[in-house]
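Reading through the structure tokens given below for one structure.
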Amino acid sequence: MIVSIDWIKDFVNIPDMPSEELGTKFTLVTCEVEEVLLTGELLNNVSVAQITEVKDHPDSDHLHLVKFETGKGIREVVCGAPNVKPGLKVPYAPIGTSFPGGFTLVPKKIRGVMSEGMLCSETELSIGSDDSGLAELPENAIVGQTMLEYLGRKRDVLLDIDNKSLTHRPDLWGHFGMAREFAAVFGEELKYPYNEAWEKSLSEKFSTDKAPVTIEVAADSSCLGFSGISIDNVTVQDSPDWMKERLEACGLRAINNIVDISNYVMLELGHPLHIFDRDTIKGGKIVVRRAGENETFVTLDEVERKLVSTDTLVCDAERASSIAGIMGGLDSGVKESTSRIFIETANWKDSEIRTTSSRLGLRTDASQRYEKCLDSNQNKQTLLRALDLVLQLCPAAKVVGNIETDGYKEEKAPLVLQMTEEHICRVLGKDLEAGKITSILESLEFIVSEDKGLLSITVPSYRATKDIECDADIIEEIGRIIGYDNIVPASPLNAISAVRLSNAKKLTRNIQDFLVLRARAHEVLTYPMVGEKLLKKASWPQLNEELQLANPTSPESDRMRPSLIPSILQSAALNQKTQSAFRMFEVGRSYLPDAKKFSNERSQVALAWFSKKESPFMDLLNNLEDLFAYLNLKVKLSRPDYRSVNPYVEPEWKGLHPNEILNFQVMGKVAGFITSVHPVVSRDFKIKGNLAIALLDVTDFETRQIKDKTRYEPLSRFPSSTFDCTVVTESKEPVASIISVLNKLKIKELEQVSIVDVFQMDNDQKAVTVRTTFCDREKTLSGDFISNFEKSVMDTLEKNGYPLKK
Amino acid sequence: MLQKLEDLIIEFRSSIESVEKKASLFDLKAEYLGKKGKLNVILKSLKDAAPEDRKELGIRSNNYKIEIQDAIDNKLSQLEISEINEKLEKNWQDISHRDSVRDFGMNSAGYHPVTIVQREIEDIFLSMGFDILDGPHIEDEFHNFEALNIPATHPARDMQDTFWFKDMEHLLRTHTSPIQVRGMEANKPPFKFVGPGKVFRCEALDASHEAVFHQIEGMMVGENISVSNLIFFMKTLLSEIFKKDVNVRLRPGFFPFVEPGFELDIECLICGGKGCSVCKQTGWVELLPCGMTHPNVLKAGGIDTDKYNGFAFGLGLDRLVMMRYGIDDIRHLHSGNLAFTSQFKSY
């Protein structure tokens with residue numbers, strides 16, 4: 001919203017200060033001033049001059065050397081305008097004049113001749129649309145007068161205010177309300193031109209005639225009060241310049257005096273109104289009612305709007321003339337031929353205006369004011385101010401009858417809040433001298449009475465619609481007027497309590513730390529929303545239609561992801577284009593539909609190890625085993641089979657490798673899986689290389705305190721003995737099977753079985769060297785014992801189909 | 001005899017110079033120090049020396065024996081070292097061929113920049129006694145709006161470009177403030193906590209607007225918390241974040257969940273408040289919204305407003321990340337692109 005300081009000055013004196021400072025002060029106390037604009041600066045620098053002599057430029061066939069009288073002496077410029085001639089009065093911009101667009105006139109030689117400024121066209125000064133030559137001023141223009149004086153305009157300071165910062169202040173949507181705020185901010189007296197005497201003088205214009213338009217408001221409509229008055233003998237013509245100037249300064253186009261009055265009053269008092277051509281009101285009455293289901297209405301912008309039964313319409317006896325509080329129709333407005341008018345001011349329920357306006361996608365100057373919750377008490381003043389202006393601009397106009405009203409609710413008792421000064425000071429953290437609070441509140445037109453330190457604060461009705469509701473709101477009024485800069489920072493006095501990272505947070509950090517510092521991976525983030533296209537590309541069986549957004553920004557992100565896997569595949573596909581190998585992971589959430597709770601958010605880690613050259617599967621698997629060890633989590637790795645349900649991947653997912661796949665179980669539950677990505681899915685993503693991925697879901701145990709169960713065992717005082725033997729087995733035999741055969745040996749002295757070496761003998765067979773370690777913690781093993789043990793190791797291997805290598 | 005001894009040592013000194021092999025060194029040792037070595041021969045003939053020379057001869061020959069022994073030991077270790085060094089030379093490796101010069105891939109790793117900044121800020125809060133909480137991304141209207149004093153028809157819902165689910169009852173949280181509500185539900189005052197996390201807004205994407213971004217929300221509830229406490233706390237926090245003293249100012253700002261509500265500006269760190277293009281010549285940069293928690297919010301969270309009050313604030317993490325590293329496009333953050341992420345490598 002744009003606020004004109006010139007207009008504000010109708011109601012309050014503004015202390016002399018640089019305009020920037022004015023904006024800053026207002027920003028600090030009331031609402032955000034986005035920009036301070038000065039108008040009339042250019043016209044104030046440009047003055048009327050009269051050309052005295054025109055000569056051709058010696059070096060040019062179209063430029064002239066023009067001499068002219070400025071009132072302060074003769075000047076000379078180089079000028080290319082075709083209409084220069086001696087005697088002509090034109091606007092002259094001297095050296096130093098700044099033009100909008102940012103250029104400033106400096107002394108300059110044009111083809112060798114010094115030019116002292118510039119003679120201007122209408123467009124250069126934004127005073128007209130003729131750009132064919134110099135603006136030709138009439139004979140009676142006074143040489144030396146500034147263009148501002150010549151045009152009878154004023155300089156002004158405009159504050160461009162961020163509407164969002166006014167969301168809670170319906171009273172600031174007009175100049176009078178703003179002026180009230182300025183008065184409190186600067187401690188100046190507020191003028192009340194629209195007082196009782198003024199009301200009385202206007203009501204003297206009412207006549208005893210029967211009102212030609214009566215009002216009927218349906219009780220179930222969104223109307224909070226509707227007033228109107230009829231006026232005859234109005235002349236529709238251009239508005240006076242002062243009115244046009246103010247409207248244009250505030251960004252509205254001047255149309256004609258009657259339409260301009262309705263806009264002017266809205267900008268002045270913050271309350272919208274509508275002026276009807278009364279001849280268009282059929283049946284002599286206004287009916288306010290709910291719209292019928294499937295009713296349509298064509299608004300002023302020529303769009304046919306489909307209405308619903310919760311919308312409210314302003315109608316005459318026959319048809320609708322506007323959507324209440326939002327926008328009028330095509331033909332109820334004032335035309336050039338109009339002479340009888342009806343002025344309407346009404347108030348509407350904020351929430352209903354909002355609902356209708358957002359459903360229709362139609363926000364207007366009126367609707368954005370109504371939806372802030374206006375005060376019905378302002379209807380009358382608004383109506384009278386419009387009448388006031390109509391009578392001023394059309395002296396022949398005559399009021400017919402009195403103000404007609406309907407739909408007003410029973411007047412609410414004024415809102416009174418009670419609190420102590422001490423409470424206000426305590427919450428602000430600043431001691432204020434006695435009476436300060438009262439004087440601030442009174443400057444904002446609150447009524448304050450005090451009884452033994454308890455303040456009873458009566459809130460003005462225009463602030464009580466929604467803005468001021470409780471003591472915190474009053475505290476804000478005091479705080480902002482005294483200025484938050486005047487509050488000295490002080491540390492809160494709080495009890496000491498120990499804090500630490502939550503288990504979940506600690507687990508997340510440990511995972512990130514391990515994966516970055518130990519597993520040498522890069523952390524990435526991908527979008528939590530995905531599209532059907534990606535899920536299908538990944539052949540992911542779950543499409544998560546239950547978690548689709550009603551208003552996605554694009555089909556590529558129209559639902560929550562059911563798993564991190566498709567996202568990490570997409571990211572891997574992107575990165576393999578430029579990298580020969582990489583490791584990356586994401587710690588993030590996936591989202592599953594849940595019949596009871598709607599959604600089930602899962603904390604997951606997705607990992608993707610990629611190499612163009614060789615399979616990264618074993619690296620990833622080893623990293624994961626180490627990760628679990630680092631996290632102190634016992635993990636069981638198992639090949640998926642029909643018994644093991646894995647909630648994190650469907651067994652038929654095409655991306656699973658037939659052999660290189662394992663499920664992890666943590667605390668007895670499947671918590672994820674690892675697989676080499678099946679070439680079929682890699683191909684769908686155009687991934688050229690080897691990709692291994694894993695998913696770990698920590699949701700079920702992330703909040704648990706994970707205990708370090710490591711226990712120290714005293715070191716054995718007796719030496720251990722190791723025995724290596726090499727067996728021959730089939731190439732595809734897992735070495736773990738050999739180890740498990742030996743682990744079944746019931747020898748308490750057997751401490752460890754491990755694989756020393758695997759050697760591929762030919763395509764079908766490999767030699768595996770197994771090391772067994774024996775130790776007796778009580779005594780030194782005797783040579784006989786050792787040879788017995790070694791024999792049973794070899795026998796067991798032999799018996800289980802692992803013959804010793806000859 | 002004395003002369004003989006002097007000749008001997010001079011001869012030794014010159015011959016050890018030219019020894020290049022261990023074997024010849026051992027020969028040299030035998031030649032001088034052996035049983036029948038040159039020195040022993042002289043020592044044996046000591047008895048034949050004039051008595052007045054004998055003492056001098058004894059001292060000198062003993063010194064020379066030590067000198068020869070030391071020289072031989074030194075030479076021996078010298079020869080050994082050069083022998084080993086020769087072998088080492090054969091095992092030469094290119095120590096400039098380090099991981100850091102190899103093709104990118106397996107050789108670098110790192111945290112996402114959001115993680116780096118988020119952790120740093122979490123740790124600052126932790127050091128100031130704040131717990132760190134989180135909540136669901138998919139929220140209901142109660143936690144995202146109603147409990148935060150934003151009823152269905154409140155104009156403030158205009159400010160929230162909400163992603164709704166098709167049931168029109170659930171939504172993606174538009175701010176981290178629902179964490180406040182959940183934090184109040186789960187804790188008894190006094191308490192203080194922060195809630196960092198992802199938030200979602202349905203808006204057109206460009207270099208400075210993302211539909212998915214990160215905030216950190218904070219709340220302190222106790223007895224007699226004041227605006228003055230809030231300013232103190234914010235100054236302390238921001239001085240920690242920016243690692244230098246910062247000046248802050250509060251101005252009125254409207255957020256339904258706080259009253260009084262503030263926009264907090266910090267004095268421009270680029271120009272020090274003189275005015276520059278970053279602060280649009282004002283000397284101040286708008287950084288975060290904050291305020292005294294609205295009584296309705298406390299009540300919705302089950303807090304006794306007669307006894308307790310508090311303050312709350314929200315901080316946009318992505319903006320801090322972008323400021324810290326000079327990132328020009330917010331869309332990189334969720335791109336999953338290693339070309340971006342690898343710039344923040346830890347090694």
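If you're wondering where the values come from, they're calculated on a predicted model, not measured in any experiment. The chains referred to below are lettered A, B, ... by the order of the sequence lines, with proteins before strands, and numbering in each begins at 1.
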* Asked: So what's closer than 4.5 Å to chain A heavy atoms on Leu230(B): side chain, backbone, both or neither?
  -> neither
* Where do Asp513(A) and Tyr111(B) come nearest, in terms of heavy atoms and distance? -> OD1-OH, 2.5 Å
* To do: Report the distance from atom CD of Glu32(A) to atom CZ of Phe254(B), rounding to the nearest 0.5 Å.
  => 14.5 Å
* Heavy-atom proximity to chain A below 4.5 Å, by part of Gln118(B) -> side chain
* Using a cut-off of under 4.5 Å on heavy-atom pairs, state which of Gly253(B), Cys202(B), Ala204(B), Gly222(B) scores highest against chain A. => Cys202(B)
* **Options Ile231(B), Val212(B), Thr341(B), ranked by heavy-atom pairs under 4.5 Å with chain A, top entry** => Val212(B)
* To do: Decide yes or no on side chain to side chain contact (heavy atoms under 4.5 Å, CB included) for Met292(B) and Val427(A), but give the supporting numbers first.
  => CA-CA 9 Å; Met292(B) 303 301 289; Val427(A) 174; 4.2 Å; yes
* Answer yes or no: is there an ion pair linking Lys597(A) with Asp140(B), defined by an N-O contact shorter than 4.0 Å? => no
* Any donor-acceptor pair under 3.5 Å linking the side chain of Asn575(A) with the backbone of Leu338(B)? -> yes
* Structure fact -> Here the gap from His112(B) atom NE2 to Phe585(A) atom CZ, rounded to the nearest 0.5 Å, amounts to 10.5 Å
* To do: With a 4.5 angstrom heavy-atom cut-off, could you sort out which part of Ala339(B) is near chain A: side chain, backbone, both or neither?
  => backbone
* Which atoms of Val258(B) come close to chain A, meaning under 4.5 Å heavy atom to heavy atom: side chain ones, backbone ones, both, or neither? -> neither
* **Contact class of Asp131(B) relative to chain A, heavy atoms under 4.5 angstrom** => both
* Tell me, for Phe233(B) versus chain A, whether the close heavy atoms (under 4.5 Å) come from the side chain, the backbone, both or neither. => neither
* Pairwise distance OG(Ser335(B)) to CD(Gln570(A)) - rounded to 0.5 angstrom -> 10.5 Å
* To do: May I ask you to decide if the ring planes of Phe165(B) and Phe598(A) are parallel, tilted or perpendicular, using 30° and 60° as cut-offs?
  => perpendicular
* Structure fact -> Looking only at Pro113(B), Pro136(B), Ser228(B), Ser226(B), the option with the highest number of non-hydrogen pairs under 4.5 Å against chain A is Ser228(B)
* Asked: Can you tell me how far the CG atom of Leu525(A) sits from the CZ atom of Phe340(B), to the nearest 0.5 Å?
  -> 9.0 Å
* Charged N to carboxylate O under 4.0 angstrom, Asp123(B) versus Arg509(A)? -> yes
* Structure fact -> So, the part of His137(B) with a heavy atom under 4.5 Å from chain A: the answer is both
* To do: Start with the C-alpha gap between His334(B) and Thr526(A), add the side-chain angles, then the distance that decides, and say whether side-chain hydrogen bond (donor to acceptor under 3.5 Å, both in side chains) holds.
  => CA-CA 5 Å; His334(B) 275 101; Thr526(A) 61; over 6 Å; no
* **Leu549(A) versus Lys166(B), closest heavy-atom pair with distance** => O-CE, 3.8 Å
* Answer with side chain, backbone, both or neither: which region of His332(B) has an atom nearer than 4.5 Å to a non-hydrogen atom of chain A? => neither
* **Distance in Å, Phe344(B) CZ paired with His522(A) NE2, rounded so as to fall on 0.5 Å steps** => 11.0 Å
* Most chain A-contacting option - heavy-atom pairs closer than 4.5 Å, from His170(B), Met168(B), Arg249(B), Glu223(B) -> His170(B)
